[in-house]
Visitor: 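Dumping the structure here so I can ask a few things about it.
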There are 2 protein chains.
Amino acid sequence: MHPQKLEGNPAQPVIRRLNALRPLSEHGAVLLQQAIQEGLHRAGPGEDLVIEGEAVDSVRIILSGWLCRYKTLEDGRRQIVNFILPGDTCDAHLYLLSVMDYSIGTLTSVSYAEIKRSLFEKLVANDRSLAEAFWCETLVSGATQREWTVSIGRRVALERVAHLLCEIQERLHQVGLVDDGSCAFPVTQIDLADATGLSVVHVNRTLQELRNSRLIVLRDRMLTINDLSALQDLALFSPDYLRTKRRG
Amino acid sequence: MHPQKLEGNPAQPVIRRLNALRPLSEHGAVLLQQAIQEGLHRAGPGEDLVIEGEAVDSVRIILSGWLCRYKTLEDGRRQIVNFILPGDTCDAHLYLLSVMDYSIGTLTSVSYAEIKRSLFEKLVANDRSLAEAFWCETLVSGATQREWTVSIGRRVALERVAHLLCEIQERLHQVGLVDDGSCAFPVTQIDLADATGLSVVHVNRTLQELRNSRLIVLRDRMLTINDLSALQDLALFSPDYLRTKRRG
DNA sequence: CAATCGCCTTAACATACGTAAAGTCGGAAA
DNA sequence: TTTCCGACTTTACGTATGTTAAGGCGATTG
């Protein structure tokens, strides 16, 4: 599947992402694109696509827009455990479990493809490269979750916020959504607080500090990282966990 | 595979655990036991079986003993991201990625089976129930990682420590290693601190508080939970994420 | 037997971060 | 236009948790 064939194709970020994890066969890419075309959906901002405790019977592939996975405690405390970005697949295999252990909410309006479990299983049965790519995605998402555990457990606020910004820009970069250090960043400080385990006030303080040291510009839902390597050093960020090289 | 066939069999906890995730075929259970018999190993306490940044080419199934997955930051800060208990499989599919994003260290002496990637792939290719069981294990471990993120991000110290104790006893219970509310607990307070994102001193304070309220007894590497439902309430613990029901 | 070591415990003190509250600002709605 | 609302910002203050330091105690070692 060559890049030039993908221009203007809504499946572009997905193919690009999966290809990076595990090169797709021509056949697999075609199958996947068909399945995506047939399952197109949209949702507005602030909607829940999946609710904790319910069963799901399909896989969703995000074509554009941002979402997050989150869990809530009985008393309302909320923790975002992951951001879901264009090209990401939600829950590629989670229908194997009986119920979801988290909710998925949209942060922006999103377009996505919903693929029924039966069709998804046919896809991965028919093309090994697809099956492996989806599994790699699940594994990388696990590695990301571990890194979040480290971040929240051991990084101080400044490092933690910086780390999250680095991660997001690295991931967007992989699907071609970073332009000269700038990318969309439609995350409110409330969301940022719920993602980092901090309070909103402290997230605000921390962002001010990053702004004052000229490391970032964050305004009008746009993030610009002025000095990526300085920010990465500050955050103790290494992109390895997000960059899976193909392996024999 | 009936329980009575497993008495004194080192593979018992593994079969038991996988069976709960996805009932194994007789054929699959036999294949697995053979593979385990042929790959038996031991390690002492305080050893690293896997080191962050290195490649692995095999899967390890823990038969007895405790381990943990951990990551370290450049300056030495360390975060345990998971405990690995008897019956658990390490990294069932992680050889798909090029390098490990974490280390695995032993907390006690352990016995385990090491299965080479090539053999493991034959196993799962030959028996669908095995393949699905291992994938379910990976998914449950992902759900656990998310719960840890919530715990560290949003639970206060007392809840957090209590939650960890509940999780561990639930998991040990599933493989038959809890006897009347008591189980082994070979985790130092240093480890506990690295797992909860707290300092050792504060872990100590927190344990004192749990002891003083008569919820637990923790002494000589043995943990007894006196009032499980009180502890679970305190921790906002729900075992759902660890209890995967089979699904059609 | 003394010496050492790892782990646990406690105390005193420091601080990163949370909470509460109020004000600003821009965009959407009426 | 006016009103409203959500998000951002800032201040003042409180506290959960971290840091440093020291002592105890059992197990191991020489």
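All values below come from the heavy atoms of this structure, side chains included, with hydrogens, waters and symmetry mates left out. Labels below follow one simple rule: chain letters A, B, ... track the order of the sequence lines, proteins then strands, and each chain is numbered from 1. Just so we're clear, the structure is a prediction, and the values are computed from it rather than from any experiment.
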Visitor: Can you measure L218(A) atom CG to dT9(D) atom C1' for me and round it to whole angstrom units?
Guide: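 Value for this atom pair: 14 Å.
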
Visitor: Could you check whether G46(A) gets within reach of a base, just the sugar-phosphate, or nothing at all, counting any heavy atom under 4.0 Å?
Guide: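 The answer is nothing, as G46(A) stays clear of every strand by at least 4.0 Å.
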
Visitor: Please report the distance, rounded to the nearest Å, between CZ in R154(A) and C1' in dT17(D).
Guide: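 R154(A) atom CZ is separated from dT17(D) atom C1' by 12 Å.
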
Visitor: Using a strict threshold of under 4.0 Å (side-chain N to carboxylate O), is an ion pair present between R155(A) and E147(A)?
Guide: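 Between R155(A) and E147(A) there is a salt bridge, with a charged N closer than 4.0 Å to a carboxylate O.
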
Visitor: Which pair of non-hydrogen atoms, one from E137(A) and one from G87(A), has the smallest distance, and what is that distance?
Guide: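 What the structure gives for the nearest pair is OE2-O, 3.9 Å.
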
Visitor: If I compare all heavy atoms of V156(B) with all of R77(A), which pair ends up nearest, and what's the gap?
Guide: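 Minimum heavy-atom separation between V156(B) and R77(A): N-NH1, 4.1 Å.
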
Visitor: What contact category does V156(A) fall into here, base, sugar-phosphate, or nothing, at under 4.0 angstrom with non-hydrogen atoms?
Guide: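 Sugar-phosphate contact only.
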
Visitor: Earliest and latest nucleotide of DNA chain C, 5' to 3', sitting under 4.0 Å from a non-hydrogen atom of chain B?
Guide: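 Counting from the 5' end, contacts occupy dC7(C) to dA12(C).
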
Visitor: Side-chain N or O of N204(A) less than 4.0 angstrom from OP1 or OP2 on dT9(D)?
Guide: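 The answer is yes; a side-chain N or O of N204(A) sits under 4.0 Å from OP1 or OP2.
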
Visitor: Taking atom P of dG26(D) as reference, at what distance in whole Å does atom CG of D220(B) sit?
Guide: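 Going from CG in D220(B) over to P in dG26(D) covers 11 Å.
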
Visitor: With heavy atoms under 4.0 Å as the rule, sort R219(B) into base, sugar-phosphate or nothing.
Guide: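 The residue R219(B) makes no contact with any strand.
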
Visitor: Would you mind reading off the bend of the helix from dC1(C)-dG30(D) to dA30(C)-dT1(D) from its two end axes, five pairs each, to 10 degrees?
Guide: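 Rounded to the nearest 10 degrees, the bend comes out at 40°.
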
Visitor: Ion pair present between D88(A) and R17(A), side-chain N to carboxylate O less than 4.0 angstrom?
Guide: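 Judged by the 4.0 Å cut-off on N to carboxylate O distance, D88(A) and R17(A) do form a salt bridge.
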
Visitor: Of all the heavy-atom pairs spanning S182(B) and M222(B), show the shortest one and how long it is.
Guide: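 Closest heavy-atom pair between S182(B) and M222(B): CB-CE, 4.1 Å.
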
Visitor: Is T188(A) touching bases, backbone alone, or none of the nucleic acid, heavy atoms closer than 4.0 Å?
Guide: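 Counting heavy atoms under 4.0 Å across all strands, the contact made by T188(A) is with sugar-phosphate only.
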
Visitor: Whole angstroms only, please: what is the CZ-C1' distance between R205(B) and dT15(D)?
Guide: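 These atoms are roughly 12 Å apart.
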
